[in-house]
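Presented below is the structure to which this report refers.
Per chain, numbering begins at 1; letters A, B, ... match sequence-line order.
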Protein chains: 2
Amino acid sequence: MLQLSKKVEYGLMALRHMAMNPSGQFFTAKEIAVRCDVPYELLAKVLQKLSKAGLLISIQGMRGGYSLARRPDELQVSKIIQVIEEEKPTITECYAEGMDNCSIYDSCTIRRPLEKMQHNLNVLLENTTLEQII
Amino acid sequence: MLQLSKKVEYGLMALRHMAMNPSGQFFTAKEIAVRCDVPYELLAKVLQKLSKAGLLISIQGMRGGYSLARRPDELQVSKIIQVIEEEKPTITECYAEGMDNCSIYDSCTIRRPLEKMQHNLNVLLENTTLEQII
DNA sequence: CATAACTACGACTTAATCAGTCCTATATTG
DNA sequence: CAATATAGGACTGATTAAGTCGTAGTTATG
């Protein structure tokens, strides 16, 4: 309940690992997986998403790897979650997907009231940057 | 991701329904289920938990039902979630269950850094009361 | 130019959790 | 004692998360 997924956890661990080392340095997925004791295949996909979204720079081929594309203080946790999960973190699905996916959309009595809570969560996740969780 | 469960949603809807009517009034599970357009059996269990935890007063038997045991402004969302889920809302399992349930507890590099975020979430959920989501 | 060391990406399997249903017991009223 | 509630255990099905596998494409280097 309200928990981060393993993918997000692994992603944060990897990003933290990179942020703790001199900027510009490149790391392979395998190296990070070993260091963070995390399943390689899963981590690899997470890194691919982060790279595709422009949060990481990737270099293919031998001597390739990943490197942070932004300064840690510019990297919001909300953005990291959004990229990895492919959707913004929402406390209830209708905020993300609208009425089409909610069978009681019209009769739902808490959608509007919960908007405040959602807003506060947004602020919290936007204000938390990678730098703060190093 | 970071979403409330249906049980919590239904619980909040039911509590809101009660809070919007004169205090002291009793409601049956069936009545609330119909009004909120929510599965009766599931809702019934949620109400039982809330009552067992002292957030609701229950009266059994014919002409029975549930009533709020506290004022809406005394009912924290964090408490409601905790009762329904039977655990405090945590962004990562180790905060709730400790090292026994986490295979990488020792090597986990983000547990301590994330404590700030967890703390901020706690504050948010504690400061949001039922009154505010009416 | 072949090979080793990488990223990229889709398909698949398994595990875990959540949502929902059903059944029975117990309490209370009239 | 019949009707209407809460109480609660057991079960099934649906959905999602987690993890695995296979393969293709890219690049440095001997």
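- Of the residues Arg71(A), Gln76(A), Arg70(A), the one that meets the side-chain hydrogen bond (donor to acceptor under 3.5 Å, both in side chains) test with Asp73(A) is Arg71(A).
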B/S/- contact track for nucleotides 6-18 of chain D, protein heavy atom under 4.0 Å: BBBBB-------S
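- Of all nucleotides in DNA chain C, those with any atom nearer than 4.0 Å to a heavy atom of chain B start and finish, going 5' to 3', at dA19(C) to dG30(C).
- Here the P atom of nucleotide dT20(D) and the CD atom of Glu41(A) are 6 Å apart, to the nearest Å.
- Remark: the backbone N or O of Thr109(B) is paired with a side-chain donor or acceptor of Arg16(A) at under 3.5 angstrom.
- In summary, Glu126(B) and Lys79(B) do not engage in a salt bridge, as defined by a charged side-chain N under 4.0 Å from a carboxylate O.
- At a threshold of 4.0 Å, the pair Lys6(A)-Glu93(B) counts as salt-bridged, since one of the basic side-chain nitrogens sits closer than that to a carboxylate oxygen.
- Applying the salt bridge (Lys or Arg N to Asp or Glu O under 4.0 Å) test to residues at least two apart or on different chains, the pairs with a partner in residues 115-124 of chain A are Arg112(A)-Glu115(A).
- Residues Thr92(B) and Glu9(A) have side chains that bring a donor and an acceptor to within less than 3.5 angstrom of each other.
- In summary, of the residues considered (Asn122(A), Asn127(A), Thr128(A)), a side chain to side chain contact (heavy atoms under 4.5 Å, CB included) with Leu124(A) occurs for Thr128(A) alone.
- Counting only N and O atoms by type, the side chains of Ser67(A) and Gln25(A) include no donor and acceptor under 3.5 Å apart.
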